[in-house]
Amino acid sequence: MTNRIDNTFSVLKEKNRKALITFVTVGDPSIEDTHKIMNLLVDAGVDIIELGIPFSDPIADGTTIQSASQRALANGTTLKSILSLVTRFRKNNKHTPIVLMGYYNPVFRHGIESFCSDATNAGVDGLIIVDLPPEEDSLLRTIANKDDLHLVRLVTPTTDEERLSIILDGATGFLYYVSINGITGMQVIDEKTIEERINFLRQKTDLPIAVGFGIKSSEDVRMIQKYADAAVVGSALVKKIEEIGEFHKEGELFNFVRDLSETHVP
Amino acid sequence: MTISDTYHHQPDENGHFGEFGGRYIPETLMPLVLDLNKHYRKLKDDKEFNRLISYYSQHYIGRPSPLYFAERLTNHFDGAKLYFKRDELNHTGAHKINNALGQVLLAKHMGKTRIIAETGAGQHGVATATICALLDLPCFIYMGESDMERQSPNVFRMKLLGAEVIPVSHGSKTLKDAMNEAMRDWVTNVENTYYVIGTVAGPHPFPEMVRDFQKIIGIEVKEQILAAENKLPDAMVAAIGGGSNAIGLFYDFLNDTSVKLYGVEAGGKGINTDEHAASLSGGEPGVLHGSHSYLLQDDDGQIADAYSISAGLDYPGIGPEHAYLQSIGRVNYVAISDEEALSAFQLCCRLEGIIPALEPSHALAYVSQLAPSMKQDEIIVMNMCGRGDKDIFNVAKHLGFEI
């Protein structure tokens with residue numbers, strides 16, 4: 001079976017569509033709510049789901065995701081409970097790609113080999129480990145790739161050409177362009193810079209390019225999708241989840257996500 | 001390469017001390033850290049840079065610090081001869097300023113215009129604020145709210161020195177959270193900001209660089225002990241939080257394998273309880289704040305809160321070089337409880353007229369166990385890495401005094 005991430009991007013390309021990726025912190029407000037939210041996201045038109053593994057010391061995250069992580073940990077969310085959530089989700093959904101996003105220590109502590117095989121068996125398709133640069137990821141990458149998991153590499157505004165070639169060497173799945181210098185949920189993004197950077201990246205790679213950090217509204221998503229293959233909405237969604245606290249179909253959260261989705265162009 | 005000189009061939013070019021160390025940081029920071037590494041390589045053997053360091057070390061910090069024969073404690077322990085390396089006599093009262101001087105000079109050389117740092121007890125914050133005042137650079141210190149309460153005199157010191165102290169209200173509101181917040185600042189202000197890490201932790205080259213700025217301690221000791229005793233010490237003892245004063249004392253002696261080295265971690269209320277800060281004695285390997293080392297953590301890889309009576313030791317990690325030195329058996333790591341440290345603190349005040357910081361009080365408590373087991377012609381050197389003025393309120397509280 002081909003990896004669901006590859007599959008999704010190639011199907012979208014055929015339809016000449018761009019992807020919407022959404023990030024939620026697992027276990028905020030509870031694991032069961034995350035399950036409901038995942039189904040809601042798919043119904044609202046989300047193409048790829050990023051599941052945040054909560055970590056006690058999230059150095060790349062702003063206050064929104066920090067607080068969500070703390071709530072999730074206080075609820076007893078663990079890597080095991082996250083993987084079992086994915087297993088349950090997969091019973092009724094065989095096609096939506098799932099990417100686990102988080103920090104290295106929980107993965108390291110779980111044991112890299114058993115983590116990769118457990119994740120694959122649960123139905124995970126990719127990993128983003130924010131504090132694991134290419135220089136340190138060869139162990140995880142080798143084992144992940146053997147298990148048909150993509151280890152997604154990140155590119156930032158500080159990446160120069162020399163660095164980019166290191167990042168692209170061994171990159172699979174898609175490339176995640178971090179749109180701003182900073183932490184999640186911060187400043188406004190600048191369209192001209194995005195255009196320039198994406199064009200630059202296109203010259204160097206055929207991988208699909210996703211853009212994340214600082215994308216808050218359907219306008220932002222549309223703008224990103226003009227240039228990139230996918231837009232990632234994280235903090236804005238996590239904030240909505242915190243505010244709304246109720247996740248039934250056709251409710252406020254559903255409407256928020258449906259507006260972000262390209263399938264729903266008004 | 002023989003075994004004995006491998007000690008001075010660490011880390012490798014990617015910052016690995018054996019399996020430990022490395023660079024585990026967000027991609028946004030990678031270009032900066034690589035650039036920092038390049039600048040540091042160029043500067044570390046630069047004549048003018050080293051002239052500036054030794055000029056300020058001598059005339060501003062007051063180096064070399066004395067090596068003092070602690071005669072009354074020696075008689076009291078009735079065993080080995082005890083010497084204190086008096087790094088508490090440095091300007092600002094601890095070894096921290098050796099590192100702050102080196103890094104802020106480096107930042108200035110790199111053209112950085114804004115300095116940030118984290119602090120726990122406040123000693124590293126005060127040292128950084130001091131050098132920033134000296135070298136005219138704006139300085140922002142991240143400090144956990146709990147630590148700000150525990151160490152209010154140091155908060156005021158930093159303010160007097162012109163630094164802005166930024167309270168950190170996330171997580172446990174202590175040192176690790178201050179470090180998280182400093183890293184977030186750095187990721188956000190990549191162009192103009194230099195992050196002065198206070199101990200031998202963080203991504204490469206920090207553990208190596210901080211060690212290099214602290215190794216002057218051991219270099220001086222070697223010269224001083226040879227002058228005083230005409231031989232090397234038999235044992236050396238230093239307290240360990242992140243591990244900068246210990247590596248500073250040990251480094252020049254790593255190849256002298258006749259010298260036994262002891263790193264003393266904070267055992268808090270006991271390493272079998274949840275309340276301690278002994279990452280090596282009571283932790284597991286893991287990755288935090290940019291490097292692979294030993295950490296206090298739960299089974300799911302979440303970082304645990306460290307605890308110690310000493311705010312300077314309650315960090316849940318430890319420098320990667322210490323993890324390496326433990327793995328090869330070159331340094332012995334032991335733990336001392338709050339109680340034992342408090343007794344040593346009082347003993348040192350009464351017998352030597354030196355009020356030690358709570359950090360070296362842990363080292364002295366271990367000396368009190370070690371010295372009696374050694375012969376009278378054997379020598380122990382202990383790093384008196386900080387003075388205790390900052391701790392008197394805390395100690396008074398624990399001893400039941402109101403001041």
Side-chain angles (χ1 to χ4, degrees), chain A residues 53-63 66-67 69-70 72-73 76-82 102-111 115 128-137 139 153-160 162-164 166-167 176-178 180-184 186-187 213, chain B residues 13-16 19 21-35 168-172 175-193 202-204 284-293 295-305 316-317:
Chain A
I53 305 169
F55 183 50
S56 53
D57 295 79
I59 57 166
D61 286 299
T63 48
Q66 284 176 45
S67 309
S69 302
Q70 282 188 7
L73 291 174
T77 307
T78 63
L79 204 44
K80 270 198 188 116
S81 64
I82 293 169
Y103 295 80
Y104 192 44
N105 198 53
V107 171
F108 180 82
R109 183 81 169 125
H110 193 90
F115 170 74
I128 302 175
I129 308 294
V130 293
D131 56 351
L132 194 67
E135 283 83 347
E136 302 289 353
D137 78 2
L139 184 63
R153 292 257 177 91
L154 297 102
V155 174
T156 77
T158 56
T159 308
D160 63 13
E162 190 188 338
R163 180 94 198 130
L164 183 61
I166 294 170
I167 295 170
Y176 191 124
Y177 177 62
V178 175
I180 48 169
N181 287 331
I183 51 181
T184 54
M186 285 189 55
Q187 310 104 305
F213 282 44
Chain B
E13 62 174 313
N14 283 315
H16 295 109
E19 64 184 290
R23 291 187 188 99
Y24 295 84
I25 47 173
E27 184 57 39
T28 311
L29 288 178
M30 277 303 285
L32 273 87
V33 168
L34 292 170
D35 184 53
V168 177
S169 57
H170 305 297
S172 58
L175 179 56
K176 86 175 170 78
D177 309 285
M179 205 153 168
N180 291 340
E181 208 54 33
M183 288 217 163
R184 292 184 188 114
D185 180 316
W186 202 23
V187 177
T188 309
N189 301 293
V190 290
E191 300 297 338
N192 65 346
T193 298
H204 179 63
E284 299 283 343
V287 170
L288 179 70
H289 294 148
S291 65
H292 175 198
S293 186
L295 301 173
L296 301 180
Q297 55 182 319
D298 68 13
D299 292 340
D300 206 42
Q302 306 296 339
I303 309 307
D305 291 336

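The model shown is predicted, which means the values in this text are computed figures rather than measured ones. Computed from heavy atoms alone, side chains included, the values below leave out hydrogens, waters and symmetry copies.
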Below 4.5 Å from any heavy atom of chain B, which atoms of A:Pro54 appear? Answer side chain, backbone, both or neither. backbone
Which atoms of B:Pro285 are under 4.5 Å from chain A, going by heavy atoms: the side chain, the backbone, both sets, or neither? both
Need one label for B:Asn189: side chain, backbone, both or neither, based on atoms under 4.5 Å from any heavy atom in chain A. neither
Most heavy-atom pairs under 4.5 Å with chain A, out of B:Glu181, B:His16, B:Glu191, belong to B:His16
At a 4.5 Å cut-off on heavy atoms, which part of B:Leu288 comes close to chain A: side chain, backbone, both, or neither? side chain
Should we say atom CG of B:Asp298 is surrounded by more than 12 heavy atoms from elsewhere, each under 6.0 Å from it? yes
Sort A:Phe55 into side chain, backbone, both or neither according to what part of it lies under 4.5 angstrom from a heavy atom of chain B. both
Which residues satisfy the ring-ring contact (aromatic ring centres under 6.0 Å, His included) test with B:His292, sequence neighbours excluded? A:Phe108, B:Phe20
side-chain hydrogen bond (donor to acceptor under 3.5 Å, both in side chains) for B:Thr28 and A:Asn181? Distances and angles first, verdict last. CA-CA 7 Å; B:Thr28 311; A:Asn181 287 331; 5.0 Å; no
Taking every heavy-atom pair that is under 4.5 Å apart, which of A:Leu154, A:Thr78, A:Thr63 has the most such pairs with chain B? A:Thr78
By ring-ring contact (aromatic ring centres under 6.0 Å, His included), which residues pair with A:Tyr177, not counting sequence neighbours? none
Exercise: identify the closest heavy-atom pair between B:Gly171 and A:Gln70: N-NE2, 3.2 Å
Backbone of B:His204 reached by a side-chain donor or acceptor of B:Arg23 within 3.5 Å: yes
Under 4.5 Å from any heavy atom of chain B, what part of A:Ser69 do you find: side chain, backbone, both or neither? neither
Name the region of A:Asp61, side chain, backbone, both or neither, that has any atom closer than 4.5 Å to a heavy atom of chain B. backbone
Which one, B:Leu29, B:Asp185, B:Val190, leads in non-hydrogen pairs under 4.5 Å with chain A? B:Val190
Determine yes or no for a side-chain-to-main-chain donor-acceptor pair under 3.5 angstrom, with A:Asp131 supplying the side chain and A:Tyr103 the backbone. no
B:Asp177, B:Asn180, B:Asn14: which one forms the most heavy-atom pairs within less than 4.5 Å of chain A? B:Asn180
Are the side chains of B:Glu27 and A:Pro134 in touch, meaning some heavy atoms are under 4.5 Å apart? yes
Heavy-atom proximity to chain B below 4.5 Å, by part of A:Ile129: neither
